[in-house]
Amino acid sequence: MEMKKYIELGEKKAGKQVELARILGVRDSTIRLVKTGHSRLPDALCIKLADYIEVDRLEVIAASNLMTEKNEERRKIFESCFTKVASFTLAIFIFSVISIMTPPPANASQQRLSAAPHAEVFVLC
């Protein structure tokens, strides 16, 4: 995601650009420069913004650094942050779904029995 989108999420949550600037402890002109791609936020402010808008810190730091980084090798490093976070998020989602859908072993036998409610058991003595 581009830094502009993170700034817009912050503005939306804060209500105004001026309020987001106050929350981050910068001038609103700084927010405008970052939003238009003319400047980047220091990493500490990226972390503060990420925590405020509840997104991954590394993504915001990478997005901010990509705005001004000219070195192609470093750009690839920052770009890889997005795919790693996305892969991690997907893995957590899949694990969560599997955990919810798989009954614990103690309940699994009860579910099998309840699946056949009219089954009868005869014991010969």
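Both backbone and side-chain heavy atoms feed into the values below; hydrogens, waters and symmetry mates do not. This one's a predicted model, so the numbers in the text were calculated from it and none came from an experiment. This chain uses plain numbering: 1 for the first residue, then up along the sequence.
By the 4.0 Å N-to-carboxylate-O rule, Glu19 lies close enough to Arg22 to be salt-bridged with it.
A distance-only check finds a donor-acceptor pair linking the side chain of Lys48 to the backbone of Ile23 [under 3.5 Å]. In this structure, the side chain of Lys13 engages the main chain of Tyr52 through a donor-acceptor pair within 3.5 Å.
Annotation: side chain of Leu9 is not in contact with side chain of Lys5 (no heavy-atom distance under 4.5 Å). Here the side chains of Val34 and Met67 are in contact, with some heavy-atom distance below 4.5 Å. The side-chain heavy atoms of Ile31 and Val18, taken from C-beta on, include no pair separated by under 4.5 Å. Counting heavy atoms from C-beta outward, Leu49 and Leu45 have side chains that stay 4.5 Å or more apart.
Contact record, Leu20 with Ala14: N-CB, 3.7 Å, taken as the closest heavy-atom pair. Of all the heavy atoms in Val60 and Ala50, the pair that sits closest is CG2-CB, 3.7 Å.
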For this session: Apply side-chain contact (heavy atoms from CB on, under 4.5 Å) to Leu41 and Met3, showing your working.
Result: CA-CA 9 Å; Leu41 283 179; Met3 193 62 191; 3.6 Å; yes
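The only member of Glu11, Gln17, Glu2 that meets side chain to side chain donor-acceptor pair (under 3.5 Å) when paired with Lys35 is Glu11.
In this structure, OH on Tyr6 lies 11.0 Å from CD1 on Ile61, to the nearest 0.5 angstrom. In this structure, OG on Ser64 lies 8.0 Å from CD1 on Ile7, to the nearest 0.5 angstrom.
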